[in-house]
Amino acid sequence: MKCRYRFSIIAASMFLAATSQALDSSYSIEDVPHLHAEKQHATASKRVTSRFTRSHYKQFKLDDAFSQAIFERYLSMLDYNKSFLIQSDIEQLARWEDKFDDLLRSGDSIAAYDIFNTVLIKRFERFEYALSLLEEPFDFTLDDEFVVDRSDSPWPADQNELNAIWQSRVKYDALNLKLAGKNWDETKETLSKRYNNAIKRLIQTNNEDVFQLYMNAFAREVDPHTSYLSPRNAEQFQSEMNLSLEGIGAVLQTEDEYTVIRSLVAGGPASGSKQLSPGDRIIGVGQKDDKVVDVIGWRLDDVVQLIKGPKGSEVILEILPEGPNAKSYSVKIVRDKIRLEDRAAKSEVLEFGDMSVGVIEIPSFYVGLSEDTKKELAKLNKDNIDGLVIDLRNNGGGALTEATALTGLFIKAGPVVQVRDSYGRVKVNGDSDQHIYFDGPMTVLINRYSASASEIFAAAMQDYGRAVIVGEQSFGKGTVQQHRSLNHIYDLFDNALGHVQYTIQKFYRINGGSTQHLGVVPDIPFPTAVDAAETGESVEDNALPWDSIEPAQYKMVKDKSAAIQQLAQQHLARIENSMEFGFILEDIAKYQTDKDRNTIALSYQKRIEEQEQEDKARLDRLNLRQKALGEDAFESLDDVPKDYEVPDVYLDEAARITLDLLQV
């Protein structure tokens with residue numbers, strides 16, 4: 001199923017939000033605020049424009065064509081699923097589409113606020129209409145469907161078409177609650193709270209919300225990693241950088257109406273629960289002994305505030321996994337401080353008969369990583385390991401200096417990465433200590449979420465021929481961002497202007513190729529349901545392109561091209577008879593069948609049948625594993641332990657390839 005446009009905390013939707021209390025009576029249209037620019041916004045707009053046009057790596061022209069692109073992105077942020085505006089609204093607002101370039105330079109935000117105020121009224125009207133649809137129960141015996149993603153559809157032609165879209169949407173919401181065991185009265189109460197509080201949030205929208213969204217429509221049109229942070233969000237960003245927040249250790253983002261787990265912090269409470277995964281949707285949050293609050297449609301920062309709390313306190317999350325027929329479940333997590341030491345590199349030894357492979361898992365390129373890795377290598381060398389796997393899966397990067405230093409642990413000396421600025425100047429970062437801390441067979445395991453510094457290290461290991469890269473094609477983030485305040489020391493006004501983050505440099509491999517857009521292509525790719533065309537840097541329509549520069553001067557440790565061919569053959573022969581890889585191939589086939597599915601049945605019976613089929617398939621798979629292990633079969637999914645872990649077949653195969661490399 002498609003869901004290609006994702007908001008981060010910076011550009012999270014501030015509309016489809018709710019609070020824990022329902023409204024007894026609805027607001028009237030007169031209560032919807034008419035928002036406008038504040039005095040400091042003119043200065044902030046001009047400074048953002050100056051910073052991006054003069055200092056950004058991408059040398060773009062702020063003209064009418066770029067203005068039209070900003071207009072379209074802004075509309076997409078305001079109404080991604082084309083469920084609030086109709087075609088005549090778009091035609092009316094189009095008078096602004098070629099004006100943004102001039103308005104940004106002058107600091108005039110009139111277009112942004114005019115468009116926003118129009119959408120604000122339309123949203124109010126839609127939620128009022130949604131409430132009216134709750135007067136009578138829905139008929140779930142009909143064979144109709146809900147269209148999940150309308151982003152590629154035309155704008156609704158008229159009000160009747162828009163009403164039909166909302167009838168389908170509200171019925172979808174109601175069916176999900178029925179599938180969760182709620183009767184009609186409970187469903188009506190829950191949805192009434194949800195929609196009433198969405199209206200309340202519309203009323204509470206402020207001028208700063210609009211300005212931030214507007215500036216990010218501009219920033220994200222420049223490139224995906226450029227952004228504007230309002231004073232409030234800039235303060236939150238700084239506090240989160242010190243890693244001392246007390247919470248669950250999960251990075252969250254908004255997708256449509258849902259708060260979605262983007263990643264789990266290694267060593268954090270969420271990761272330790274073994275019950276949460278990236279892609280899971282948080283649909284409810286409760287405190288110990290309190291009722292779980294429905295948070296579908298909430299602002300991201302409000303959900304975060306509910307989840308955060310004192311160390312040692314308990315939070316209850318209602319989780320809805322990815323997939324059209326997924327069942328929700330509750331997870332209890334004890335909050336704790338997210339400390340740097342919990343995210344440090346960790347090692348283990350995998351035994352294969354009389355052979356052993358060391359594994360070093362690196363969750364991020366934090367300051368001090370290379371020194372920690374030296375210690376782990378010393379322990380592994382004492383264990384006389386026969387080979388080594390560096391596990392960089394889900395490692396989103398970090399300090400460039402640590403990527404260079406980590407590479408230096410496995411080569412004597414030489415360049416590691418090239419960095420080019422917007423003026424074309426190239427700087428080469430390298431290692432020169434002439435010392436190797438491990439010189440045996442080595443593989444680097446990556447996946448689609450290995451990015452930035454992870455890609456620098458993996459690319460260097462590949463270019464030197466020092467290691468065999470296995471897994472999935474990496475993310476493709478080959479750019480460097482800079483974070484700057486918009487305030488000047490001589491400013492006379494009291495209001496803060498916020499911060500900007502923008503791209504200033506681009507990474508290049510020592511062979512001259514960029515890691516941007518393409519990422520690192522593994523020497524031995526593993527079968528995976530993660531489609532490189534559906535995620536990663538290349539999905540962004542305005543990502544900086546792949547290109548190349550002159551190679552650096554370096555000497556390959558060993559040409560592994562011939563060995564890789566043999567290793568790939570052994571790998572394919574091994575997974576052909578692997579039960580676990582058979583499961584992966586089944587998942588791939590299902591993904592290929594479902595990935596373009598854009599509708600969900602609104603028939604209760606059909607959804608129940610689909611759920612039962614998926615539950616049976618999952619139970620059958622679990623029991624095949626149990627049988628292979630000589631364990632008793634599970635009677636039902638309720639018997640599966642909450643902390644049940646699927647075997648890490650990718651890591652096991654990476655280790656086996658490492659041993660194959662020893663023989664080759």
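These numbers come from a predicted model, not from an experiment.
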Please check this pair: side chain of Tyr437 against backbone of Thr373, looking for a donor-acceptor N/O pair closer than 3.5 Å.
no
Ring-plane angle category for His56 and Tyr502, please: parallel below 30°, perpendicular beyond 60°, tilted otherwise.
tilted
Would you call the rings of His483 and His499 parallel, tilted or perpendicular, where under 30° means parallel and over 60° means perpendicular?
parallel
Could you list the residues that satisfy side-chain hydrogen bond (donor to acceptor under 3.5 Å, both in side chains) with Arg656, not counting sequence neighbours?
Asp652
Can you sort out the partners of Thr528 under side-chain hydrogen bond (donor to acceptor under 3.5 Å, both in side chains), two or more places apart, ordered by chain and number?
Glu472
Residues that Asp439 engages under salt bridge (Lys or Arg N to Asp or Glu O under 4.0 Å), provided they are two or more places apart
none
Taking everything shown except Gln434 itself, do over 12 heavy atoms lie less than 6.0 Å from its CD?
yes
Closest non-hydrogen atoms of Pro269 and Ile333, given as atom of the first, atom of the second and distance, are CB-CG2, 3.5 Å
Residue pairs passing the salt bridge (Lys or Arg N to Asp or Glu O under 4.0 Å) test where at least one lies in residues 570-579, sequence neighbours excluded
Arg574-Glu653, Arg574-Asp660
Would you say Gln482 and Arg484 are linked by a side-chain donor-acceptor pair, where the criterion is simply a distance under 3.5 Å?
yes
Sorted by chain and residue number, the ring pair (Phe, Tyr, Trp, His ring centres under 6.0 Å) partners of Phe438 (sequence neighbours excluded) come out as none
Yes or no on side-chain contact (heavy atoms from CB on, under 4.5 Å) for Leu317 and Val285, after CA distance, side-chain angles and deciding distance?
CA-CA 5 Å; Leu317 303 181; Val285 180; 4.1 Å; yes
Student check: side-chain heavy atoms of Leu544 and His517 closer than 4.5 Å
no
Knowing that exactly one of Asn429, Val419, Thr479 qualifies, which makes a side chain to side chain contact (heavy atoms under 4.5 Å, CB included) with Phe507?
Val419
In Å and rounded to the nearest 0.5 Å, what is the OG1 to CG distance from Thr443 to Leu388?
7.0 Å
How long is the gap from CD on Gln663 to CE on Met355, to the nearest 0.5 Å?
5.5 Å
What are the two closest heavy atoms between Leu567 and Leu661, and how far apart are they?
CD2-N, 3.5 Å
Is the closest side-chain heavy-atom distance between Pro415 and Tyr464 below 4.5 Å?
yes
Min side-chain heavy-atom separation Phe457-Phe365 under 4.5 Å
yes
Side chains of Thr404 and Val417: closer than 4.5 Å at any heavy-atom pair?
yes
Partners of Glu348 by salt bridge (Lys or Arg N to Asp or Glu O under 4.0 Å), sequence neighbours excluded?
none
Look up atom NZ in Lys590 and atom CD in Glu586, then write down how far apart they are to the nearest 0.5 Å.
11.5 Å
Test log, rule side-chain contact (heavy atoms from CB on, under 4.5 Å), inputs Val428 and Gln553
CA-CA 10 Å; Val428 180; Gln553 295 296 317; over 6 Å; no
So Leu350 and Leu651, do their side chains get closer than 4.5 Å, heavy atoms only?
yes
Here the pair of heavy atoms bringing Pro545 nearest to Lys506 is O-NZ, 2.6 Å
Roughly how far, to the nearest 0.5 Å, is CG of Leu276 from CD1 of Ile319?
5.0 Å
Could you report the tightest heavy-atom contact between Ile456 and Ala403, atom names first, then the distance?
CG2-CB, 4.1 Å
Give the minimum heavy-atom separation between Ala633 and Gln626, together with the two atoms involved.
CA-CB, 4.4 Å
Flag the pair Val480 / Leu400 as yes when at least one side-chain heavy-atom distance between them is below 4.5 Å, and no otherwise.
no
Side-chain donor or acceptor of Gln418 paired with backbone N/O of Ser514 under 3.5 Å:
no
Between OH on residue Tyr508 and CH2 on residue Trp546, distance to nearest 0.5 Å:
9.0 Å
Between atom CD1 of Ile446 and atom CG of Leu392, what is the distance when rounded to the nearest 0.5 Å?
8.0 Å
Could you check whether any side-chain heavy atom of Val444 comes within less than 4.5 Å of a side-chain heavy atom of Phe410, counting everything from C-beta outward?
no
Donor-acceptor under 3.5 Å (Arg281 side chain, Pro321 main chain):
yes
Partners of Lys560 by side-chain hydrogen bond (donor to acceptor under 3.5 Å, both in side chains), sequence neighbours excluded?
none
Would you kindly say whether His225 and Glu537 are connected by a side-chain donor-acceptor distance under 3.5 Å?
yes
Inspect the surroundings of CG in Asp632 and state if more than 12 heavy atoms from other residues, nucleotides or ligands are less than 6.0 Å away.
no
Would you say the side-chain atoms of Asp421 pair up with the backbone N or O of Gly424, donor to acceptor, closer than 3.5 Å?
yes
Please confirm whether the backbone N or O of Asp223 pairs with a side-chain atom of Glu540, one donor and one acceptor, at under 3.5 Å?
no
Could you work out, with salt bridge (Lys or Arg N to Asp or Glu O under 4.0 Å) as the rule, every residue matching Glu314, not counting sequence neighbours?
none
Gln566: which residues meet the side-chain contact (heavy atoms from CB on, under 4.5 Å) condition with it, sequence neighbours left out?
Gln570, Val664
Check: Gly513 main-chain N/O paired with Asn511 side-chain donor or acceptor under 3.5 Å:
yes
Yes or no on side-chain contact (heavy atoms from CB on, under 4.5 Å) for Val649 and Phe583, after CA distance, side-chain angles and deciding distance?
CA-CA 10 Å; Val649 62; Phe583 293 157; over 6 Å; no
Leu306 to Gln287 - nearest heavy-atom pair and separation
O-NE2, 3.1 Å
Residue pairs passing the side-chain hydrogen bond (donor to acceptor under 3.5 Å, both in side chains) test where at least one lies in residues 450-462, sequence neighbours excluded
Asn395-Ser454, Asn447-Ser450, Glu455-Ser474, Gln462-Arg509, Gln462-Asp523
Contacts of Ser370 meeting side-chain hydrogen bond (donor to acceptor under 3.5 Å, both in side chains) (sequence neighbours excluded), chain-then-number -> Glu402
Do Asp372 and Tyr366 have a side chain donor and acceptor closer than 3.5 Å?
yes
Contacts of Arg466 meeting salt bridge (Lys or Arg N to Asp or Glu O under 4.0 Å) (sequence neighbours excluded), chain-then-number -> none
Can you tell if the side chain of Ile261 reaches within under 4.5 Å of the side chain of Ser277, non-hydrogen atoms only?
no
Check step by step if side-chain contact (heavy atoms from CB on, under 4.5 Å) holds for Lys379 and Lys382.
CA-CA 5 Å; Lys379 290 192 293 185; Lys382 282 186 179 180; 5.7 Å; no
Electrostatic pair Glu361-Arg393, nearest N-O below 4.0 angstrom
no
